[in-house]
Amino acid sequence: MKKSIKTLLIFILTIFLSFTLMGCSYLSEKKGEVYNDNHEIASGEDSALFIKSVENNMGNNKSLRFSSFSGVKTLWKIESQGNGKVILDYDIEVTEGDFKIVLVTPDKEIVEIYEKDIVDNKELKLESGKSQIKMVGNKAKAKIKININYEGDAKTKKF
């Protein structure tokens with residue numbers, strides 16, 4: 001009798017673990033589908049799955065490292081009266097998957113900032129209203145260093 005109970009418990013645990021692992025895979029797939037969906041990226045909500053991630057925020061500087069990232073994460077929310085600019089300096093190394101950084105305008109349009117390994121900078125003129133800088137990934141493994149500076153009436157909005 002004891003042997004059959006142990007066998008049943010092992011069977012139940014095996015099924016439970018299988019569903020757990022399939023669930024993680026399913027979540028990663030669903031989060032990765034957003035990569036080419038500008039409507040979902042422009043929505044105000046973040047939805048991301050990270051595996052083995054480290055994030056450091058020091059003022060205007062962010063550094064992130066992750067072994068897998070799928071979904072959308074807002075880095076900064078910015079307000080401007082139409083006379084603002086942001087200058088982004090970045091050093092990004094993507095070793096797997098897809099990764100990009102975008103600006104979401106107040107009109108919910110997507111402006112691509114970065115999608116290839118590069119050390120570079122971008123100057124972006126802001127429209128009047130609330131904009132967001134977001135990162136988007138699909139099973140991306142990356143190291144990121146990014147610095148933001150403001151000119152004119154641009155300012156970070158707390159979130």
Side-chain angles (χ1 to χ4, degrees), residues 20-159:
T20 301
L21 292 175
M22 285 189 309
C24 288
S25 175
Y26 174 76
L27 284 174
S28 180
E29 289 295 323
K30 292 305 276 180
K31 301 296 181 205
E33 289 175 4
V34 92
Y35 191 80
N36 293 311
D37 186 346
N38 284 349
H39 177 72
E40 188 69 26
I41 293 168
S43 78
E45 298 180 26
D46 287 354
S47 179
L49 176 66
F50 286 93
I51 297 175
K52 293 184 182 175
S53 67
V54 176
E55 180 175 348
N56 293 311
N57 294 308
M58 300 287 283
N60 291 354
N61 299 301
K62 289 187 187 278
S63 67
L64 299 103
R65 182 179 50 219
F66 38 83
S67 63
S68 183
F69 161 63
S70 293
V72 180
K73 176 177 173 46
T74 302
L75 298 173
W76 289 283
K77 291 184 178 183
I78 305 160
E79 287 188 62
S80 174
Q81 300 303 315
N83 297 322
K85 288 183 188 176
V86 293
I87 298 101
L88 296 172
D89 294 304
Y90 48 86
D91 181 359
I92 300 173
E93 179 186 341
V94 180
T95 54
E96 288 179 26
D98 299 312
F99 181 82
K100 62 186 174 183
I101 295 178
V102 299
L103 171 73
V104 180
T105 70
D107 298 328
K108 304 295 183 200
E109 291 184 32
I110 303 295
V111 177
E112 195 168 290
I113 297 170
Y114 162 88
E115 195 173 17
K116 302 204 181 328
D117 285 341
I118 198 163
V119 175
D120 201 359
N121 64 42
K122 284 268 185 173
E123 184 174 302
L124 304 163
K125 184 168 175 11
L126 300 172
E127 298 173 14
S128 181
K130 298 175 185 176
S131 301
Q132 299 175 35
I133 296 177
K134 295 185 175 191
M135 64 182 208
V136 186
N138 181 16
K139 299 179 184 172
K141 179 177 182 179
K143 294 179 187 174
I144 301 159
K145 292 180 184 174
I146 188 166
N147 178 350
I148 189 169
N149 288 299
Y150 306 94
E151 287 185 3
D153 65 9
K155 61 183 176 186
T156 300
K157 182 181 178 214
K158 300 275 184 193
F159 64 99

Closest contact, heavy atoms only, Glu127 versus Ser80: O-CB, 3.8 Å
Backbone of Gln81 reached by a side-chain donor or acceptor of Asp153 within 3.5 Å: yes
Nearest atoms (heavy-atom pairs only) where Lys122 meets Tyr90: CG-OH, 3.5 Å
Gap separating the NZ atom of Lys134 from the CD1 atom of Ile41, nearest 0.5 angstrom: 8.0 Å
Side chain to side chain donor-acceptor pair (under 3.5 Å) involving Lys141 - partner list, sequence neighbours excluded: none
Side-chain donor or acceptor of Ser70 paired with backbone N/O of Lys139 under 3.5 Å: yes
Selection residues 40-60 - residue pairs positive for ring-ring contact (aromatic ring centres under 6.0 Å, His included), sequence neighbours left out: Phe50-Phe66, Phe50-Phe69
Partners meeting side chain to side chain donor-acceptor pair (under 3.5 Å) with Lys85 (sequence neighbours left out): Glu123
CD on Glu112 to CD1 on Ile110, rounded to 0.5 Å: 10.0 Å
Pairwise distance CG(Leu75) to OG1(Thr156) - rounded to 0.5 angstrom: 11.5 Å
Expected list for residues 142-149: side-chain donor-acceptor pairs under 3.5 angstrom, two or more places apart:
| from | atom 1 | to | atom 2 | distance (Å) |
| --- | --- | --- | --- | --- |
| Asn147 | ND2 | Asn61 | OD1 | 3.1 |

Atom pair CD (Glu79) and OG (Ser131), whose distance is rounded to the nearest 0.5 Å: 9.5 Å
Atom of Leu126, atom of Val86 and distance for their closest heavy-atom approach: CD1-CG1, 3.9 Å
Distance, nearest 0.5 Å, that separates CE of Met135 from CG of Leu64: 5.0 Å
Atom of Leu124, atom of Ile113 and distance for their closest heavy-atom approach: CD1-CD1, 3.6 Å
Residue pairs involving residues 98-110 (criterion side chain to side chain donor-acceptor pair (under 3.5 Å); sequence neighbours excluded): none
pair Glu40-Val72: side-chain heavy atoms closer than 4.5 Å: no
Reported CD-to-OG1 distance for the pair Gln132 and Thr74, which is rounded to 0.5 angstrom: 4.5 Å
Donor-acceptor contact present, side-chain Ser47 to main-chain Gly71, <3.5 Å: no
Partner residues of Asn60 under the side chain to side chain donor-acceptor pair (under 3.5 Å) criterion, sequence neighbours left out: none
Partner set under side chain to side chain contact (heavy atoms under 4.5 Å, CB included) for Lys125, not counting sequence neighbours: none
Salt bridge (Lys or Arg N to Asp or Glu O under 4.0 Å) involving Glu45 - partner list, sequence neighbours excluded: none
Where Ala140 and Phe99 come nearest, the two heavy atoms and their spacing: CB-CB, 4.0 Å
Asn57: side chain to side chain donor-acceptor pair (under 3.5 Å) partners, not counting sequence neighbours: Glu55, Lys62
